[in-house]
Protein chains: 2
Amino acid sequence: MTSKDVAAAAGVSRSAVSFAFNDPAKIADSTRQRILAVAKELGYTPNPVARMLQQGRTRSLGVLLPQDLPQIMENPYYSQFFVGLGQVCHREGLTLLLTPPLRNSMLKAIPYAAVDGFVVCGLEVDRGEVAELRRRGIPFVLVDSDPPEGVPSVDVDDQAGAREVVQHLLDLGHRRIAVISFDPGPDKEAYGYRGPLARRMAGIREALAGAGLAMDDLPLIEVPCTREDGYHAAKNLMLLDEPPTALVTLSDILAVGAIDAMHDLGIDIPGQISITGFDDQPEAAWVRPRLTTVRQPIIAKGRVAGDFLISAIRGETQHPHQVLHTVLIIRESTGPIR
Amino acid sequence: MTSKDVAAAAGVSRSAVSFAFNDPAKIADSTRQRILAVAKELGYTPNPVARMLQQGRTRSLGVLLPQDLPQIMENPYYSQFFVGLGQVCHREGLTLLLTPPLRNSMLKAIPYAAVDGFVVCGLEVDRGEVAELRRRGIPFVLVDSDPPEGVPSVDVDDQAGAREVVQHLLDLGHRRIAVISFDPGPDKEAYGYRGPLARRMAGIREALAGAGLAMDDLPLIEVPCTREDGYHAAKNLMLLDEPPTALVTLSDILAVGAIDAMHDLGIDIPGQISITGFDDQPEAAWVRPRLTTVRQPIIAKGRVAGDFLISAIRGETQHPHQVLHTVLIIRESTGPIR
DNA sequence: CTGAAAGCGCTTACAG
DNA sequence: CTGAAAGCGCTTACAG
């Protein structure tokens with residue numbers, strides 16, 4: 001069922017059919033009504049892909065994701081990010097295409113996506129994605145990355161957030177601080193820390209330096225970002241000869257696991273150990289004791305990324321780079337050293 | 001930058017360029033390498049939309065959603081559903097197009113989406129969506145709806161779930177039971193209860209009947225599905241002359257709000273009142289007291305919907321209709337009538 | 001193994 | 001106000 005069939009049935013040209021749907025001013029209203037009636041009867045509506053090809057736009061925003069869809073969807077971080085991005089889609093009447101890596105490659109996923117532009121998430125190591133998007137002339141915005149010059153990007157001041165939370169522990173008198181980090185991935189060997197993780201590490205280092213401590217003085221465990229891994233990492237740290245009096249985790253999910261571990265070990269929080277998170281996801285306020293953590297404005301991040309992308313799609317040629325602030329949220333899981 | 005440019009630069013025909021990308025067997029390997037090198041140098045990759053038009057497939061699954069993106073993304077139900085659907089996308093190497101209503105209409109959103117098929121969520125009142133999808137010949141699966149004959153669909157046995165949770169309260173001796181339901185929307189006037197809500201109401205009615213009670217004997221409040229609304233609804237119910245001894249809520253979110261309200265009123269759960277939820281979302285196990293609720297297998301629902309859609313896209317002409325089971329999860333928020 | 005041609009279904013100047 | 005024609009960028013039988 002094509003516009004040709006409708007044109008034939010209505011006794012008009014294909015242009016007239018197109019005008020009936022897209023540009024009513026160009027044909028007589030009576031003709032338009034007749035065409036629309038015939039179209040309805042025949043069950044015709046314009047083919048969206050053909051229309052996209054012709055118009056050169058898809059009315060869809062892409063999100064280029066660093067992990068497979070199930071992993072992304074399990075992560076409450078992305079739910080919040082998509083709320084912000086969703087606000088922009090809603091305002092602009094656009095759909096959202098979730099584009100996970102294809103055969104383990106973000107790069108390979110790019111050429112298959114029919115979108116007007118991409119929000120690129122968590123691109124810690126650029127394997128040519130930026131060059132590919134540039135070459136294709138697809139507008140894009142980088143989020144949670146190490147943004148190169150001349151590319152719109154949105155980030156959070158992870159460094160200040162990490163610095164402040166560690167400073168908070170130092171102020172409470174803690175010196176035996178351990179760090180539970182999420183896994184930097186296989187690229188650490190080749191590239192060192194990158195993106196938000198690098199900034200958080202830098203913030204920790206900065207605060208420690210102020211107290212005459214170095215990163216190397218601290219136990220550091222790197223694990224996948226799950227509650228279970230946080231649990232085991234925390235348990236292992238407490239088995240050390242000199243167990244820490246404070247645990248800095250780089251994600252609320254890890255922190256919640258660490259809290260579970262202390263419950264099981266019968267260790268009081270914050271009486272015997274202080275624990276901090278990062279992100280301020282909803283469960284940070286649910287867990288007992290309520291979690292001291294670094295809040296980052298995830299929804300705002302998604303919204304700003306969406307706004308930047310819209311403006312890039314419209315051809316505005318600035319390359320805005322916004323850094324959103326974090327806030328230290330002090331709750332019940334931290335206290336003075338006993 | 002099109003295949004024509006690459007063909008010219010490489011001194012071959014456009015077919016050769018296409019073969020180099022899609023059908024290596026059809027050209028000499030040396031030619032292929034040359035073409036690919038030229039393409040790389042020129043920054044050419046095939047236009048995805050043109051390819052979709054030609055091949056008649058998009059390698060993308062659509063989800064036709066009943067609400068705007070921000071609302072969907074705030075709802076943990078959909079996060080879980082997308083995990084299941086994401087598993088199928090991952091297995092098949094497909095992207096996921098989130099398609100919210102366009103100008104408040106699910107129907108209007110359909111003709112703009114470039115997808116191979118749709119998972120249609122929560123279509124409680126069919127305003128022509130099913131007819132439209134059929135006419136266009138787009139494969140689809142209905143989820144959480146009142147599925148008509150001859151359409152693949154996935155549902156949950158809401159009726160049994162609701163029946164069992166009410167029976168549980170009756171068994172504990174409760175007779176003064178109140179119901180907090182999520183809003184049936186503006187269509188209730190015209191159509192009565194529909195879809196999962198209708199089934200849950202039927203289940204409640206069924207259990208009550210066994211104890212000689214009728215729905216009309218019970219206070220019923222219908223509110224939007226937020227924690228705040230659950231809070232206020234619960235508070236209002238406790239102001240009745242004969243306040244309930246048990247609160248049946250039709251969503252965990254409402255139940256959590258109701259628990260907050262009891263905390264604020266100084267009413268002990270389950271000593272003075274029992275509260276039940278529906279869905280078994282993660283916070284049901286977090287909240288104190290832990291929530292007695294009806295678990296529905298949301299991830300499995302997403303996965304089955306995806307599988308059915310894949311099989312419909314492949315042209316398998318059965319119309320499977322699967323109903324997944326619920327399980328009553330008894331935790332701490334229900335107890336014998338005092 | 002390669003090239004010219006048709007066609008996917010649409011939109012939009014352009015001429016009437 | 002309408003129609004014939006070109007073109008969006010690709011793929012794929014078909015003939016050589």
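Lettering of chains follows the sequences in order, A, B, ..., and the numbering in each one begins at 1.
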Query raised in the report: Are B/R127 and B/D187 close enough for a salt bridge, meaning some N to O gap below 4.0 Å?
Result: yes
Query raised in the report: Quick check: are there more than 12 heavy atoms from other residues, nucleotides or ligands sitting under 6.0 Å from CD of A/E41?
Result: no
Query raised in the report: Does atom CZ of A/F21 have more than 12 heavy-atom neighbours from other groups under 6.0 Å away?
Result: yes
Query - B/V63 and B/L97, any side-chain heavy atoms less than 4.5 Å apart - result: no
Requested in this report: Tell me what B/A20 touches on the nucleic acid: a base, only sugar-phosphate, or nothing, going by heavy atoms under 4.0 Å.
Outcome: nothing
Report task. Run the salt-bridge test on B/E132 and A/K40 with the 4.0 Å N-O cut-off and return the result as yes or no. Result -> no
**Report entry** Pairing string, 5' to 3', for DNA chain C - Watson-Crick or wobble contacts under 3.5 Å, brackets [ ] where pairs cross, | to another strand
**Finding:** |||.||||||||.|||
Nucleotide N/O of nucleotides 9-13 of chain D paired with protein N/O under 3.5 Å:
| from | atom 1 | to | atom 2 | distance (Å) |
| --- | --- | --- | --- | --- |
| D/dC10 | OP1 | B/Y44 | OH | 2.7 |
| D/dC10 | OP1 | B/N47 | N | 3.0 |
| D/dC10 | OP2 | B/S3 | N | 2.6 |
| D/dC10 | OP2 | B/S3 | OG | 3.4 |
| D/dC10 | N4 | B/R14 | NH1 | 3.1 |
| D/dC10 | N4 | B/R14 | NH2 | 2.8 |
| D/dT11 | OP1 | B/N22 | ND2 | 2.7 |
| D/dT11 | OP1 | B/R51 | NE | 3.2 |
| D/dT11 | OP2 | B/S18 | OG | 2.8 |
| D/dT11 | OP2 | B/N22 | ND2 | 3.4 |
| D/dT12 | O4 | B/S15 | OG | 3.4 |

Query raised in the report: Is any side-chain N of the basic residue among A/R194 and A/D146 closer than 4.0 Å to the acidic one's carboxylate O?
Result: yes
Query raised in the report: With sequence neighbours left out, which residue pairs that include part of residues 56-111 of chain B fulfil the ring pair (Phe, Tyr, Trp, His ring centres under 6.0 Å) condition?
Result: B/Y78-B/F82
Requested in this report: Please examine the side chains of B/D144 and B/P66, heavy atoms only from C-beta on, and report whether any two atoms are closer than 4.5 Å.
Outcome: no
